[in-house]
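Notes for the one structure printed next.
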Amino acid sequence: MNETPKPETIAGVDFIRAIINEDNKTGKHQGRVHTRFPPEPNGYLHIGHAKSICLNFGVAAEYNGLCNLRFDDTNPLKEEAEYVENIKADVHWLGFDWDGREYYASDYFDRLYELAEELIRMGKAYVDELSADEIRATRGTLTEPGTASPYRDRPAEESLDLFRRMKAGEFADGSMVLRAKINMASPNVLMRDPAIYRIRKAEHHRTGDKWCIYPMYDFTHCISDSIERITHSLCTLEFENNRELYDWVLEALDLYRPQQIEFARLNMSYTLMSKRRLIELVDGGQVRGWDDPRMPTLSGMRRRGYTPESIRDFCARIGVAKADNMVDRSLLDFCLREHLNAAAPRAMAVLNPLKLIIENYPADQVEEFDMPLHPEDEALGTRKVPFSKVLYIEQDDFREVPPNNKYFRLAPGKEVRLRYAYYVTCTGVEKDAAGNITAVRCAYDPATRGGWSDDGRKVKGTLHWVSAAHAVKAEARLYDHLFTVENPGAAAADEGRPFADYINPESLLVSEAYLEPYLAGLPVDAKVQFERLGYFCVDPDSTEKLRVFNRSVGLRDSWAKIEKKE
RNA sequence: UGGGCUGUCGUUCAACUGGCAGGACGGCGGAUUCUGACUCCGCUAAUCUAGGUUCAACUCCUAGCGGCCCAGCCA
């Protein structure tokens, strides 16, 4: 669990505040603010859920209120205990705590059943024996009203008897259903006698085989909110049409009524947010699992190096509103870079090594330099980095023929600084028979120890380096964006192609690339920002091999700029 | 087509009950720098349309237009 998150102010949350403030003024909830985060445990949490988590916990915190964690587990076919555990872990990782208020819709099955019977007795619900197809056929269309089921007006006692026998397991799945009796002609299709209980002879991850009938979302969610005395039930836009039903159920049963408030869900470019499709990716083996670093899940992003702080900051910056949106990934990357830049201890790394031989440095000598772990934060302390006659530098940091006079890295005759070590001047190159450069030779100036000269001499270039003899080899897997189009889900739907077609094949290739970055002997047990190269993060799960995840966090942009200037 | 919701810089969020359309990200340019990073400075660019009310409209009125959601025994 992280430190308690500071209450980042979420942009655009005013339309929710306005409602809460009004409620507080009128004393509707005695000034109480109580929200909930209600995931269905049918998959892992993704960046879209982070928005909801930050909103629900954030709004509650702002008003000194509470936020519950509630699992919406009314469909035994899709839900698993494994998901529950991972969801809890991810919420904690993000930095939020429900303080023991961990609830399950399945906790309310008994109460829900009682209320369903009550609805039947009141004549506001009936057992329908129409098939699913028949119900669909009689529901009408968007422009035409539906027609009543022949069972709609059966006596309450008859429905009650049938409902009890449904519960007792006397009937097969799909043979009958409990429907709320509302209005078959309602312009809101959801109000045309919606099913509120169905028969499902399936094992539930928490209640086992105790039940063979399960309540549906529209009947369950509002009552669960009511039972928990939720004041403001924040949910996404697609539930706007459900609000009328939400209110109807609680009104019919004369129960405490929370206020449902809808907000726009997060859409992010090049990112798939549909849980259904993420499940397909996992099941289809296109990714290694829910926590594959290419996945937009919180666990995948964690492995890729995103920090909870950066995700929270992102959620605060994108804000919340009722208009559909498509947030650019670059904002997420910005948030990560900003946090990493401030917090990550630094290290030097070389991805594409080029041997650098210091001609006038004693062959058997090794020096250790103390380098700050963070250039702007001395409190982080220093690291020791060994220096010797043969080093590795980045291939891109040397050009036999400099492209122009603005190139200030190493080239024949030019002097550069080896970061925190010495100034060196290039004296020549070594080549193999084919003419490929195999090593660069140079001479160092002993008077510049520590990487500084008092004589006013200016060197523009500062290179990163590692001692060849002391370098740590590591396997690096570079992950690219998983999807090739801005909105893979929509693209696939539009063109009617399987969305897996929109996976970037390069992301798979890149992920298998075996690179050999040479890391100086540095603390690599935590996230590390490789200086100058951009922002790499060490996979915190890795134990044996050091994995360097990157690609979306700045490296490419950084190089693009460099290339342009040369 | 019925109903619900929604339209502000490229993106996202602002602009209190009408009063100079602002911030952030992105992009472009510059300064600085022992990471060509970071930082700093500057620039860029928007009220869906048409009428109307008003000294004054993103805001109010009227009429259009666009986008999203709803016809699961999913949530």
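Remember, it's a predicted structure, so these values are computed and weren't measured experimentally. Residue numbers start from 1 in every chain, and the chains themselves are labelled A, B, ... in the order their sequence lines are given, proteins ahead of strands.
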Check whether any side-chain N or O of [X] sits under 4.0 Å from OP1 or OP2 of [N], and answer yes or no.
X       : N      : answer
R337(A) : C25(B) : no
R198(A) : C74(B) : yes
R243(A) : G4(B)  : no
T74(A)  : A75(B) : yes

Value in whole Å for how far the [atom2] atom of [N] lies from [atom1] of [X]:
X       : N      : atom1 : atom2 : answer
D14(A)  : C13(B) : CG    : P     : 13 Å
Y246(A) : C69(B) : OH    : P     : 23 Å
L55(A)  : C13(B) : CG    : P     : 12 Å
L332(A) : G26(B) : CG    : C1'   : 14 Å
E80(A)  : A75(B) : CD    : P     : 16 Å
E240(A) : C5(B)  : CD    : C1'   : 4 Å
K406(A) : G30(B) : NZ    : P     : 7 Å

At under 4.0 Å between heavy atoms, what does [X] touch on the DNA or RNA strands: base, sugar-phosphate, or nothing?
X       : answer
L237(A) : nothing
I213(A) : nothing
R139(A) : sugar-phosphate
A321(A) : sugar-phosphate
F334(A) : sugar-phosphate
Y214(A) : nothing
N242(A) : base
E376(A) : base
F239(A) : base
S269(A) : nothing
R136(A) : sugar-phosphate
S330(A) : sugar-phosphate

Residue met sooner reading RNA chain B from 5', once H221(A) and K322(A) are mapped to nucleotides: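 Residue closer to the 5' terminus by nearest nucleotide: K322(A).
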
Let me know, please, whether N188(A) or P194(A) comes out on the 5' side of the other along RNA chain B by nearest nucleotide.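 The residue whose closest nucleotide sits nearer the 5' end is N188(A).
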
Taking the six-membered ring for Trp, are [X] and [Y] ring centroids under 6.0 Å apart?
X       : Y       : value
Y214(A) : Y113(A) : no
F387(A) : F369(A) : yes
F163(A) : F171(A) : no

Under a 3.5 Å cut-off for both contacts, is U54(B) paired Watson-Crick or G-U wobble with anything, and if yes, with which nucleotide?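 U54(B) is paired with nothing.
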
Partner lookup for A31(B), please. Criteria are Watson-Crick or G-U wobble with both distances under 3.5 angstrom; report none if nothing qualifies.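 Partner of A31(B): U39(B).
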
In terms of the angle between their ring planes, are Y104(A) and H205(A) parallel, tilted or perpendicular, with boundaries placed at 30° and 60°?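 The rings of Y104(A) and H205(A) sit tilted, inter-plane angle from 30° to 60°.
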
Does any N or O donor sit under 3.5 Å from an N or O acceptor when you compare the side chain of D328(A) with the base of C25(B)?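 In this structure, the two groups form no donor-acceptor pair.
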
Will you find, in the side chains of Q259(A) and Y246(A), an N or O donor that is under 3.5 Å from an N or O acceptor?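 Distance-only check fails for Q259(A) and Y246(A).
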
Using a distance-only test with no angle check, is there a side-chain donor-acceptor pair under 3.5 angstrom linking R329(A) and S269(A)?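 Not at all, the side chains of R329(A) and S269(A) share no donor-acceptor pair under 3.5 Å.
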
